[in-house]
Amino acid sequence: MKFFLDTADIEEIKRAKALGILDGLTTNPSLVSKTGRKFSELLPELVTLVDGPISAEVIATDTAGMIKEAEALAAVAPNIVIKIPLIPDGLVATRVLKSKGIKTNVTLCFNALQALLAAKAGATYVSPFIGRLDDIGHVGMDVVSDIKTIFTNYKFTTQIIVASIRHPLHVLEAALIGADIATIPFSVFDKLVSHPLTDKGLKRFLDDWKKVPR
Ligand code: G3P
């Protein structure tokens with residue numbers, strides 16, 4: 001399972017990268033707005049930091065506009081993946097971008113049928129938003145499970161990015177289902193490695209080691 005970081009914050013990226021297990025990055029307009037920076041200046045910097053795929057989202061909502069923006073973003077670096085909203089114009093844009101060899105991450109997916117449409121359109125990735133479904137009383141991870149079944153049934157190569165992750169259990173559940181990728185906010189990424197019994201156990205080993213004759 002691959003771990004992407006869901007952020008546009010340079011410091012968070014550097015800290016996550018230092019762990020040596022970062023496989024890629026996803027951004028969105030809300031995350032970019034938090035940085036207070038121009039995306040045209042930020043994106044080339046992100047490219048220098050992250051080796052794997054970097055998702056950058058279009059703002060246009062019509063097919064021609066999405067394609068124009070996608071071509072400009074994809075020209076920044078070969079590892080740029082274009083985030084396209086899961087709307088009818090987005091599906092058409094996804095198909096066109098595939099024919100041009102541009103990778104897409106179809107985003108704002110909230111059910112398995114939407115994901116099936118994205119896969120049929122030739123999406124490289126599809127991003128079901130789990131936390132936002134949980135927020136309104138649905139079981140977001142059930143959508144991931146259904147998408148996995150459908151993609152396996154029909155041998156789709158579209159990869160599932162579990163997005164809108166809120167806590168470590170979401171990452172665990174995504175891994176158990178066999179999702180290809182989890183895109184994780186830094187606050188959750190930071191929690192994955194920690195366990196109080198690990199810290200307690202390490203302290204005991206180090207204390208006991210002091211009693212070993214030298
Ligand atoms: O980047 C897409 C997704 O992960 C957003 O998550 O926390 O805004 O629901 P969130």
Side-chain angles (χ1 to χ4, degrees), residues 1-13 15-17 21-37 39 42-43 46-47 49-50 52-61 66 69-70 73 79-87 90-91 93-94 103-112 114-115 117-119 123-145 147-148 158-175 177 179-192:
M1 184 192 207
K2 290 187 175 163
F3 281 0
F4 290 0
L5 198 64
D6 196 26
T7 189
D9 184 294
I10 298 287
E11 285 312 308
E12 288 184 352
I13 295 165
R15 286 176 63 190
K17 192 181 168 188
I21 51 169
L22 186 61
D23 299 302
L25 184 75
T26 52
T27 67
N28 63 40
S30 304
L31 293 170
V32 173
S33 79
K34 283 187 198 166
T35 69
R37 295 185 56 189
F39 197 43
L42 180 62
L43 188 58
L46 299 181
V47 165
L49 286 173
V50 179
I54 300 175
S55 288
E57 189 156 344
V58 295
I59 303 305
T61 54
M66 288 183 202
E69 281 182 36
L73 290 168
N79 55 334
I80 299 286
V81 174
I82 308 303
K83 252 183 161 177
I84 300 281
L86 213 163
I87 58 176
L91 291 179
T94 299
K103 290 182 176 168
T104 52
N105 171 0
V106 177
T107 188
L108 291 166
C109 172
F110 291 95
N111 71 43
Q114 286 183 308
L117 296 181
T124 316
Y125 305 95
V126 66
S127 291
F129 277 28
I130 301 318
R132 292 192 196 181
L133 282 165
D134 289 359
D135 289 346
I136 59 163
H138 291 259
V139 181
M141 207 55 73
D142 285 353
V143 173
V144 177
S145 190
I147 296 171
K148 178 73 183 171
T158 302
Q159 295 179 55
I160 305 168
I161 302 181
V162 179
S164 186
I165 280 177
R166 299 270 192 266
H167 47 71
L169 262 185
H170 275 154
V171 181
L172 174 65
E173 288 164 359
I177 289 167
D180 303 281
I181 299 143
T183 190
I184 309 170
F186 183 78
S187 57
V188 176
F189 202 92
D190 207 29
K191 286 178 191 148
L192 294 180

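As the structure lists them, so they are numbered: ligands from 1, and atoms in each ligand from 1.
- Judged by distance alone, the side chain of K2 and the main-chain N or O of G24 form no donor-acceptor pair under 3.5 Å.
- Although no hydrogens or angles enter the test, the distance criterion places a donor-acceptor pair under 3.5 Å between the side chain of D134 and the main chain of G140.
- At distances below 3.5 Å, not a single donor-acceptor pair connects side-chain atoms of T94 with backbone N or O atoms of A123.
- In plain terms, the two heavy atoms of I181 and Y125 that are nearest each other are CD1-CE2, 3.5 Å.
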Show the short N or O contacts, below 3.5 Å, that ligand 1 makes with protein N or O atoms; if there are none, say 'none'.
residue: ligand 1; atom: 1 (O); partner: D6; partner atom: OD1; Å: 2.8
residue: ligand 1; atom: 1 (O); partner: D6; partner atom: OD2; Å: 3.1
residue: ligand 1; atom: 1 (O); partner: N28; partner atom: ND2; Å: 2.9
residue: ligand 1; atom: 1 (O); partner: K83; partner atom: NZ; Å: 3.2
residue: ligand 1; atom: 4 (O); partner: D6; partner atom: OD2; Å: 2.5
residue: ligand 1; atom: 4 (O); partner: S164; partner atom: N; Å: 2.8
residue: ligand 1; atom: 7 (O); partner: R166; partner atom: NH1; Å: 2.8
residue: ligand 1; atom: 8 (O); partner: R132; partner atom: NH2; Å: 2.8
residue: ligand 1; atom: 9 (O); partner: R132; partner atom: NE; Å: 2.7
residue: ligand 1; atom: 9 (O); partner: S164; partner atom: OG; Å: 2.7
residue: ligand 1; atom: 9 (O); partner: R166; partner atom: NH1; Å: 3.3

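- Side chain of T35 to main chain of A8: no donor-acceptor pair is present (N/O by atom type, distance under 3.5 Å, no hydrogens or angles).
- When every heavy atom of I84 is checked against every heavy atom of V58, the shortest pair comes out as CD1-CG2, 4.1 Å.
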